[in-house]
Amino acid sequence: MSDATSEKNTVLMGKIVSLCKKRGFIFQSGEIYGGLNGCWDYGPLGAELKRNLKDYWWRKNVQEREDIVGMDGSILTHQDVLKASGHVGGFSDPMCDCLLSNARLRADQIEPQSGTVYHYTGASNEESDWSVEREYAVLVGEGQDENKARKTARLFYSKFLSDKQISPKKLELTGERSEAVENTTLFNPENGSLLTEARDFNLMFETRMGASSDENDESAVAYLRPETAQTIFVQFKNVLDSNRIKLPFGIAQIGKSFRNEINPRNYTFRSREFEQMEIEFFCRPEDGLALTEEWLERRLTFYEEIGIPREHLHVLDIPDGERAHYSEKTYDIEYEFPFGIQELEGVAYRGAYDLTKHKEHSKKAIEYVDQEAKEKFLPHVVEPSAGCDRTILALICEAYDEETVTDEKGKEETRTVLHFSPRMAPVKVGILPLLKNKPELVAKAREIQALLSPFMNVFYDEAGAIGRRYRRQDEIGTPYCVTVDFETLGESGDEMKDTVTLRERDSMSQERIAIADLRAFVLDKMM
RNA sequence: GCGGGUGUAGCUCAGGGGUAGAGCGCAACCUUGCCAAGGUUGAUGUCGGGCGUUCGAAUCGCCUCACCCGCUCCA
């Protein structure tokens, strides 16, 4: 991305964030208390939009398919589940930072070094009557000049100088003492500087269960699930036994997951609490790779159906070495966000890894039994795992548009429109009486509202001029507005009676439609 | 986690140690026959939060929180 494009996209993203707040799509969590990092709340329109997305995903993947069933697992997760999956223990890398350069290093990957350590307690500068007290140390390798330690230490202490004009060379070091050490990993091999203590970066939220749980009672520890997948694997056998289903089949789930991300970024894109839409599709080992391809195509089609065109999506075939160790094939489906191309969904062929691990740790027989072939085995699994909140953000970014429109007087204005597909749009129809001070128009509009509202989310609006009301609906992405006028009431004869103006958002075109046909017309567009 | 930036009305932003501002939006009423029309009236702020300096802080200092940008990280 060029600098100019990058800046334009930053501005665009700012406008999207601003619109989302202004119109009630997304708010920062706990905003009146200063905000909670990495957490977001959906307002009235955001909640409708998200609901539409989840409902459509569920309908397409569960209700309209015989071979996929749904489930809804608990968020609090038994620690043994996550020990088996490898989330506890395996994925918490100890990290430390270089005190001099701030570089971050993996503590377990530092080569042990030997030499002389020079310790200091602080530094001062006589001329400016400045001093700092802080423990610091530098490692000098065998055969290296000891003055290197002093130079490095002065550089370190100079970071605390308020007057940056003072040269590090003019600092007096205090409390120097030295000792010989062997095989230490406490120093940065690059510059000899002391490192911070190693800290674990396990991204799981941990909690304790039970009212009287003892802080030291390890058995009371539970986790907020870091992915929905594990609850599916753990209930695999129960779902199998209660549903008379045969391979290949899937278990689908929509639900919240939690990761204590070090650095949440890009609006709602990387949040600490997020919702996933996931399918674990179980199959015979020999069908896994082909099903991965099939699911990739099916998922790409899904995005097109909700209004994210194929040309704004990228498929990344994760190469050997970058995939999780258990995966033979993984595709990432990415979207061109204004802040860059980022992942929406992963389609991963996970083999029998998860079921194998849970069989080992639980010591339970969770195999699939093929009665006809008289076979007993652990199925392989293909996992299309989509980020719900990320998809919402993609829908909003994709829909956002500023058009220049020219009015009758030739004046140019900007029209802000969200081009949501009727399927996803939070409000399907805006219902507008042409004038609010004519009771007959208002009553008729209210009748239409009552006619449609059991079937879809509609919005009644009588405030302000008709043009303004159209624009308000454009800004929240309402695909259709119907306007009740005097023709509707029969003032221009029976032919026009009980018809309304149907105004389409994207083209701004208008046509006449009978009230009796409205429901079917809109339902057809939004299914 | 590091570095830089920002934070004032619902939104966009101006101001800058001494009574809190504009535009847009919002609400009510009037007007209004289809694309942000006009008029009248009105509501809204702990100037992100805390501590300090000061007779007095939105303004200066320190701390902190959040967001944005660049690194870093992301099973």
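Proteins come first, then strands; the chains are lettered A, B, ... in the order of their sequence lines, and each starts at number 1.
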Undergrad: Taking B/rG49 as the reference, what is the distance to B/rC65 when you measure between their P atoms (whole Å, please)?
TA: 15 Å
Undergrad: Taking donor-acceptor contacts at under 3.5 Å, does the side chain of A/Tyr33 reach the base of B/rC65?
TA: no
Undergrad: For B/rG61, give its Watson-Crick or G-U wobble partner with both distances under 3.5 Å, or none.
TA: B/rC51
Undergrad: So which nucleotide from B/rG70, B/rC67, B/rC11 ends up closest to the side chain of A/Lys22?
TA: B/rC11
Undergrad: Which nucleotide, if any, forms a Watson-Crick or G-U wobble pair with B/rG25, using both distances under 3.5 Å?
TA: none
Undergrad: Would one find a side-chain N or O of A/Arg472 under 4.0 angstrom from OP1 or OP2 of B/rC26?
TA: yes
Undergrad: Counting only side-chain nitrogens and oxygens, does A/Asn266 get under 4.0 Å of the OP1 or OP2 atom of B/rC69?
TA: yes
Undergrad: Is any side-chain nitrogen or oxygen of A/Arg468 closer than 4.0 Å to OP1 or OP2 of B/rG25?
TA: yes
Undergrad: Phosphate oxygens OP1/OP2 of B/rU12: is one of them under 4.0 Å from a side-chain N or O of A/Ser18?
TA: yes
Undergrad: Is the base of B/rC34 touched by the side chain of A/Asp485 through a donor-acceptor pair closer than 3.5 angstrom?
TA: yes
Undergrad: Mind calculating the distance between CD (A/Gln28) and C1' (B/rG49) to the nearest angstrom?
TA: 13 Å
Undergrad: Quickly work out the A/Lys83 NZ to B/rA75 C1' distance and round it to whole Å.
TA: 18 Å
Undergrad: Taking the C1' atom in each of B/rG3 and B/rG10, what is the distance between them to the nearest angstrom?
TA: 34 Å
Undergrad: To the nearest Å, give me how far apart CD (A/Gln230) and C1' (B/rA75) are.
TA: 11 Å
Undergrad: Could you tell me how far apart A/Phe486 (CZ) and B/rG33 (P) are, to the nearest whole angstrom?
TA: 8 Å
Undergrad: Give a yes or no on whether a donor-acceptor pair under 3.5 Å exists between the nucleobase atoms of B/rG25, that is its base, and the side chain of A/Arg23.
TA: no
Undergrad: So A/Tyr349 and A/His380, would you call those rings parallel, tilted or perpendicular, with 30° and 60° as cut-offs?
TA: tilted
Undergrad: May I ask you to decide if the ring planes of A/Tyr267 and A/Trp40 are parallel, tilted or perpendicular, using 30° and 60° as cut-offs?
TA: perpendicular
Undergrad: B/rC74 and B/rC35: how far apart are their C1' atoms, nearest whole angstrom?
TA: 47 Å
Undergrad: With distance as the sole criterion, do the side chain of A/Thr10 and the base of B/rC68 form a donor-acceptor contact below 3.5 Å?
TA: no
Undergrad: Around atom CG of A/Asp317, are there more than 12 heavy atoms of other residues, nucleotides or ligands at under 6.0 Å?
TA: yes
Undergrad: With the threshold set at 4.0 Å, does a side-chain nitrogen-carboxylate oxygen contact exist between A/Arg505 and A/Glu475?
TA: no
Undergrad: In terms of relative ring orientation, are A/Phe25 and A/Phe420 parallel, tilted or perpendicular, with 30° and 60° separating the classes?
TA: tilted
Undergrad: Take atom CG of A/Asn37 and atom P of B/rC74, then tell me their distance rounded to the nearest Å.
TA: 18 Å
Undergrad: In this structure, how many angstroms lie between the P atom of B/rA37 and the NZ atom of A/Lys436, rounded?
TA: 14 Å
Undergrad: Could you check whether the rings of A/Phe339 and A/Phe337 sit parallel, tilted or perpendicular, using 30° and 60° as the cut-offs?
TA: parallel
Undergrad: With both distances under 3.5 Å as the test, what is the Watson-Crick or G-U wobble partner of B/rA9?
TA: none
Undergrad: Does A/Gln510 make a side-chain donor-acceptor contact with the base of B/rC34, cut-off 3.5 Å?
TA: yes
